[in-house]
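Atoms within a ligand are numbered from 1 in the order they appear, just like the ligands themselves.
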Amino acid sequence: MDFDVTILGGGVIGVALARALSHHYSVLLLEQHAQLGTETSSRNSEVIHAGLYYPSGSLKEQLCLDGKQRLYAFCERYDVPFNAIGKLIVAQPHQLHELDALASKARRLNIPIEHLNRQQLQAREPLVVAEQALFSPTTGILDSHTYLHRLAQHATDQGALLQCHSPLLAARFDQHWHITTEQQGHPFTVTSRYCINATGLQAQATAQRCGLAANQIPTLYPCKGHYFSYQGRSPFQHLIYPMPEANLAGLGIHATLDLAGQVRFGPDTQYLDAEHLSYQVDESRRALFANAIQQYFPSCDATRLQPEYAGIRPKLHAAHQPNQDFTLTPQWHHQQLAGLHLFGIESPGLTASLALANHVTEWLRSQKQTG
Ligand SMILES: Cc1cc2nc3c(=O)[nH]c(=O)nc-3n(C[C@H](O)[C@H](O)[C@H](O)COP(=O)(O)OP(=O)(O)OC[C@H]3O[C@@H](n4cnc5c(N)ncnc54)[C@H](O)[C@@H]3O)c2cc1C
């Protein structure tokens, strides 16, 4: 056998998996593009989430809480730029009930939170107008590119082979996997005991190619989020979030700061047709953005909003359907474990990445012991 585990997809999840699994297994990772992490992993808000929003008991909640601790420790230890800058979740008079529910949830989960009235909020953020707010001091930002680079470095140091320019062409399981990729324009086949599908927006197509039963492949509902930067000096000291949308389709058009202090607003939510994915940012959304932002930042100057970039969430629910959890689906072949497919790894996937990698590694090792 060439490798114990082949990971398909070199985003933050695939690379975190390569790092965790290469402690125990020989690992190959195949990434279709010229570089790692150029899809969703470099098209997000770069926020380390506190873990406030997710359905109770969900993997999103569990892995976000665990992942946040791991990620801060990793950044500290391996010199990844980050800032636990803190976030204000702001509520208008008709949203106080939801804000209270969020505060109770935070207390239940032991997530530090401070409840602020209008005056206390104004003292911290003079330009933000809302009835009340929650301050989350454990929410932060990180340099996701350096983070991915460190993960890749560790994985490589531990012997994992991370291959870019290597799209999956075919995968067939017969006692073990025969995985065909492209190397310098020619098909090339490797053998592997397990295969892990971490191909993000392509996870459904990849699962089909790997022969996972159609009824085990959840429907993909790609949901685009646009960002606009706010030119000039930052009007804020913290991240500013309105109350989240009802089914967590998005967290509302919020303000994040990058490590250089530049403010950007976004992401909004626009469900796309899975056949037509595009990262284009349409200028005509400026008015929609300005309108949403002015609900909590009335002096927002729309002419300072500039189209920046967009990302696409690999959601497993349509608009107005309940939020779906991260879905990890094992693939069996005559009662032999062949692999694992990761579906719906949307936010908080970046925050959860180290915890998810650890969770999958522990699970795989337990299968090996019992299987
Ligand atoms: C708008 C937006 C904002 C977000 N904000 C945050 C945030 O602030 N905090 C947070 O914690 N999370 C956030 N997230 C979520 C986070 O970005 C994702 O959960 C995470 O990046 C998913 O990583 P991934 O490796 O699964 O996917 P990807 O980064 O998409 O990686 C999948 C990889 O698979 C490769 N691939 C696909 N098909 C093939 C094939 N056939 N052969 C070989 N390779 C293939 C792709 O090229 C790609 O590199 C956000 C997401 C979005 C969309």
Checklist entry - Taking heavy atoms and a distance under 4.0 Å, where does Ala198 meet ligand 1: side chain, backbone, both or neither? => result backbone
Checklist outcome for this item: Atoms of ligand 1 under 4.0 Å from any heavy atom of Val12, numbered from 1 in the order shown, are 20 (C), 21 (O), 23 (O), 25 (O)
Checklist outcome for this item: shortest atom 52 (C) of ligand 1-to-protein heavy-atom contact is with Arg43 O, 3.8 Å
Item to check | Phe228-Phe265 aromatic ring centre distance below 6.0 Å | outcome: no
Item to check | Test item: Cys223 and Glu346 side chains (from C-beta on) under 4.5 Å apart, heavy atoms | outcome: no
Checklist entry - Going by atom types only, do Tyr78 and Thr146 share a side-chain donor-acceptor pair under 3.5 Å? => result no
Checklist entry - Counting heavy atoms only, which of Gly14, Gly200, Gly67, Ala203 comes nearest to atom 27 (O) of ligand 1? => result Gly200
Checklist outcome for this item: For Glu346, the ligand 1 atoms with a heavy-atom partner under 4.0 Å come out as 15 (C), 19 (O)
Next on the checklist: Quick check on contacts: which atoms of ligand 1 are under 4.0 angstrom from a heavy atom of Pro167?
Outcome noted: 42 (N), 43 (C)
Next on the checklist: Taking a cutoff of less than 4.0 Å between a non-hydrogen atom of the residue and any ligand atom, is Leu8 in contact with ligand 1?
Outcome noted: no
Item to check | Non-hydrogen atoms of Glu98 and Met243 that approach each other most closely | outcome: CB-CE, 3.4 Å
Checklist entry - By side chain to side chain donor-acceptor pair (under 3.5 Å), which residues pair with Arg209, not counting sequence neighbours? => result none
Next on the checklist: Please report whether ligand 1 has a polar contact with Pro267, defined as an N or O pair separated by less than 3.5 Å (distance criterion only).
Outcome noted: no
Item to check | Check: Leu316 and Phe326 side chains under 4.5 Å, non-hydrogen atoms | outcome: no
Checklist outcome for this item: Going by the 4.0 angstrom heavy-atom rule, the piece of His49 near ligand 1 is side chain
Checklist entry - Counting from 1, what ligand 1 atoms have a heavy atom of Leu30 closer than 4.0 Å? => result 43 (C), 44 (N)
Checklist outcome for this item: Near Val47 (heavy-atom distance under 4.0 Å), the atoms of ligand 1 are 7 (C), 8 (O), 9 (N), 10 (C), 11 (O)
Checklist entry - Of the non-hydrogen atoms in Ile111 and Leu52, which two are nearest, and what is the gap between them? => result CD1-N, 4.0 Å
Checklist entry - Do Thr139 and Tyr241 get their side chains close enough for a donor-acceptor pair, meaning under 3.5 Å? => result no
Checklist entry - Between Gln331 and Gln216, does any side-chain donor sit less than 3.5 Å from a side-chain acceptor? => result no
Checklist entry - Closest non-hydrogen protein atom to atom 42 (N) of ligand 1, residue and atom name please, with distance? => result Leu168 N, 3.0 Å
Item to check | Which residue and heavy atom of the protein sit nearest atom 33 (C) of ligand 1, plus the separation | outcome: Glu31 OE1, 3.6 Å
Item to check | ligand 1 atoms in contact with Ser166 (distance to a heavy atom under 4.0 Å) | outcome: 43 (C)
Item to check | Pair Glu39-Gln32, side-chain donor/acceptor within less than 3.5 Å | outcome: yes
Item to check | Nitrogen or oxygen of Ser45 less than 3.5 angstrom from that of ligand 1 | outcome: yes
Checklist entry - Of all residues at least two apart in sequence or in a different chain, which pass the side chain to side chain donor-acceptor pair (under 3.5 Å) check with Glu31? => result none
Next on the checklist: Which residue and atom name correspond to the protein heavy atom nearest atom 13 (C) of ligand 1, and how close is it?
Outcome noted: Ser347 OG, 3.4 Å
Checklist entry - Who's the nearest protein heavy-atom neighbour of atom 26 (O) of ligand 1, and how far? => result Ile13 CG1, 3.3 Å
Checklist entry - Side chain or backbone of Ile48 under 4.0 Å from ligand 1, or both, or neither, by non-hydrogen atoms? => result neither
Checklist outcome for this item: Residues Ala18 and Leu29: closest non-hydrogen pair is CB-CD1, 4.1 Å
Next on the checklist: Would you say the ring centers of Phe289 and His226 fall short of 6.0 Å from each other?
Outcome noted: no
Checklist entry - When you measure from atom 1 (C) of ligand 1 to every protein heavy atom, which one gives the shortest distance, and what is it? => result Tyr227 OH, 3.6 Å
Item to check | Identity and distance of the protein heavy atom lying nearest atom 19 (O) of ligand 1 | outcome: Ile345 O, 2.8 Å
Item to check | Atoms in ligand 1 with a heavy atom of Arg313 nearer than 4.0 Å | outcome: 53 (C)
Item to check | Centroid-centroid under 6.0 Å between Tyr147 and Phe74 rings | outcome: yes
Item to check | Distance from atom 23 (O) of ligand 1 to nearest protein heavy atom, with residue and atom | outcome: Ser41 OG, 3.3 Å
Item to check | For Glu46, atoms of ligand 1 separated by under 4.0 Å from a heavy atom | outcome: 8 (O)
